[in-house]
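Order of the sequence lines sets the chain letters (A, B, ...), proteins ahead of strands, with each chain counted from 1.
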There are 2 protein chains.
Amino acid sequence: MIGARVRGLREERGISLSALARLAGIGKATLSGLENGTRNPTIETLYAVTAQLGVPLATVLAEPAATPTVHGAAVHATLLEVFADADATYELYRMRVAPGPGQLSPAHQPGVTEHITVFSGVLRAGPVDAPATAAAGGYLRWTSDVPHSYTAVGDEEVAASLLLRYPRA
Amino acid sequence: MIGARVRGLREERGISLSALARLAGIGKATLSGLENGTRNPTIETLYAVTAQLGVPLATVLAEPAATPTVHGAAVHATLLEVFADADATYELYRMRVAPGPGQLSPAHQPGVTEHITVFSGVLRAGPVDAPATAAAGGYLRWTSDVPHSYTAVGDEEVAASLLLRYPRA
DNA sequence: CGGGCCCGTTCCGTTTACGGAACGATGGTC
DNA sequence: GACCATCGTTCCGTAAACGGAACGGGCCCG
């Protein structure tokens with residue numbers, strides 16, 4: 001898993017296992033075992049390798065579901081950041097809405113608001129009884145304690161940022 | 001360094017070293033040595049701990065600023081994502097504004113717009129001749145082809161997301 | 001073909017990270 | 001006071017990660 005990523009990065013750069021081990025100041029046996037997954041490396045060892053590869057440690061630490069994604073019929077969102085404040089918790093998503101029939105989302109807790117800034121395409125979203133439309137650069141905002149919908153207008157996929165605000169109960 | 005972060009996260013949660021070691025399925029000696037920096041833990045060990053703390057591994061691996069950050073007198077922004085569309089390029093930032101005198105920013109190219117959603121604190125920002133104010137959950141938007149300013153109102157630091165839209169020339 | 005070179009893996013002795021147990025310190029209860 | 005539970009550190013034998021050396025394989029060159 002992590003070994004495969006290291007090996008991939010090394011081969012991308014076209015350098016040999018022996019050479020990388022020498023550059024990183026570790027034994028060839030260590031690097032071989034790391035790449036093949038037969039060793040459980042220390043942070044220090046892994047850092048020596050990633051530093052030589054010029055990538056941050058996080059690159060090879062394939063977090064299993066580190067960035068949770070939400071899939072739906074038309075909507076696909078990736079969590080970029082969570083911010084927990086005294087008054088509310090914010091979740092910032094990168095959202096894509098595929099063209100077609102759109103997607104319905106059930107009501108959230110009372111007081112939850114959604115904030116969308118459209119990057120590209122045309123989005124029609126909001127409470128099912130009063131959706132609004134925004135094109136690239138536009139902004140939408142509604143209180144999502146009622147069922148709401150997301151629909152891409154036209155044939156183009158919509159890209160946008162979605163901010164969910166959950167007030168402290 | 002990394003030990004201090006683990007200790008900080010553990011104490012934030014108010015659980016003892018013994019309890020965390022038991023939950024993570026590792027020895028108390030191991031966790032003690034890890035927190036005090038007298039051991040060089042394996043990935044496996046560190047993962048067991050961070051998983052129990054509910055944070056990704058990257059949280060405790062003090063990466064030297066992998067993502068570019070913009071520092072100013074009062075504003076500190078971290079680039080989260082860049083989105084290049086046919087019509088415009090978007091840059092999404094995580095922004096903090098320190099309390100105090102605020103910060104002035106010169107005019108951008110014509111047509112550039114800024115979009116801010118405030119997470120916490122109260123922010124006063126916009127064109128210098130017509131700034132607007134937003135509290136937690138609020139949204140600001142202006143065309144930034146004129147000089148503009150950012151100021152935290154009150155003593156609390158402002159946290160927000162900043163979206164910059166650069167129309168294609 | 002033989003020799004030299006570098007490749008990646010395997011072997012092996014040393015170092016060290018590991019978990020369990022023992023330790024002294026602290027706080028609460030009777 | 002004695003007692004007990006839990007805290008975080010230290011001690012210690014074991015398991016394993018470490019680097020160096022040896023190994024087999026592939027390639028090039030004379």
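Taking only side-chain nitrogens and oxygens, Arg10(A) comes nearer than 4.0 Å to OP1 or OP2 of dG8(C). Between Ser32(B) and dT9(D) there is a side-chain N or O to OP1 or OP2 distance below 4.0 Å. At dC7(C), one or more side-chain N or O atoms of Ser18(A) fall inside 4.0 Å of OP1 or OP2 (strictly under the cut-off). Dashed line: the shortest gap from a side-chain N or O of Thr45(B) to OP1 or OP2 of dC18(C) is under 4.0 Å.
Residues Ile15(B) and Gly27(A) both approach DNA chain D. Their nearest nucleotides, taken by heavy-atom distance, put Ile15(B) toward the 5′ side.
Rounded to a whole Å, the CD1 atom of Ile43(B) is 13 Å from the C1' atom of dA17(D). A straight line from CG of Leu17(B) to P of dT10(D) spans 12 Å, rounded to a whole angstrom. If you measure from atom CZ of Arg22(A) to atom P of dA21(D), you get 14 Å, rounded to the nearest angstrom. Rounded to whole Å, atom C1' of dC18(C) lies 11 Å from atom CD of Glu44(B). The separation between Arg39(B) atom CZ and dT10(D) atom P is 11 Å, rounded to whole Å. Remark: P of dG8(C) and CG of Leu20(A) are 10 Å apart, rounded to the nearest angstrom. The CG-P distance, from Asn36(A) to dC11(C), rounds to 14 Å in whole Å. Atom pair Asn40(A):CG and dT15(C):P shows a separation of 21 Å (rounding to whole Å applied).
When heavy atoms are screened at a 4.0 angstrom cut-off, Leu31(A) is found touching no nucleic acid atom at all. Within 4.0 Å of Ser16(B), counting heavy atoms only, lie sugar-phosphate atoms of the nucleic acid but no base atom. Using a 4.0 Å heavy-atom distance criterion, Thr30(B) is classed as a base contact. Among the heavy atoms of the strands lying under 4.0 Å from Thr42(A) are primed sugar atoms or P, OP1, OP2 only; no base atom is included.
With hydrogens and angles left out, the side-chain atoms of Arg124(A) and Thr133(A) include a donor and acceptor closer than 3.5 Å. For the residue pair Thr113(B)/His115(B), the side-chain donor-acceptor check at 3.5 Å is satisfied.
Of the candidates dT9(D), dC18(C), dG19(C), the closest approach to any side-chain atom of Ile26(B) belongs to dG19(C). The listed nucleotides are dA22(D), dA17(C), dT9(D); the one nearest the side chain of Lys28(A) is dA22(D). When distances run from any side-chain atom of Arg7(A) to the nucleotides dC7(C), dG19(C), dT9(C), the shortest one goes to dT9(C).
Side-chain N or O atoms of Gln103(A) include one that pairs as donor or acceptor with a backbone N or O of Ala74(A) at under 3.5 Å.
Between His108(B) and Glu114(B), the closest side-chain pair of non-hydrogen atoms falls below 4.5 Å. The side-chain heavy atoms of Leu123(A) and Met95(A), taken from C-beta on, include a pair separated by under 4.5 Å.
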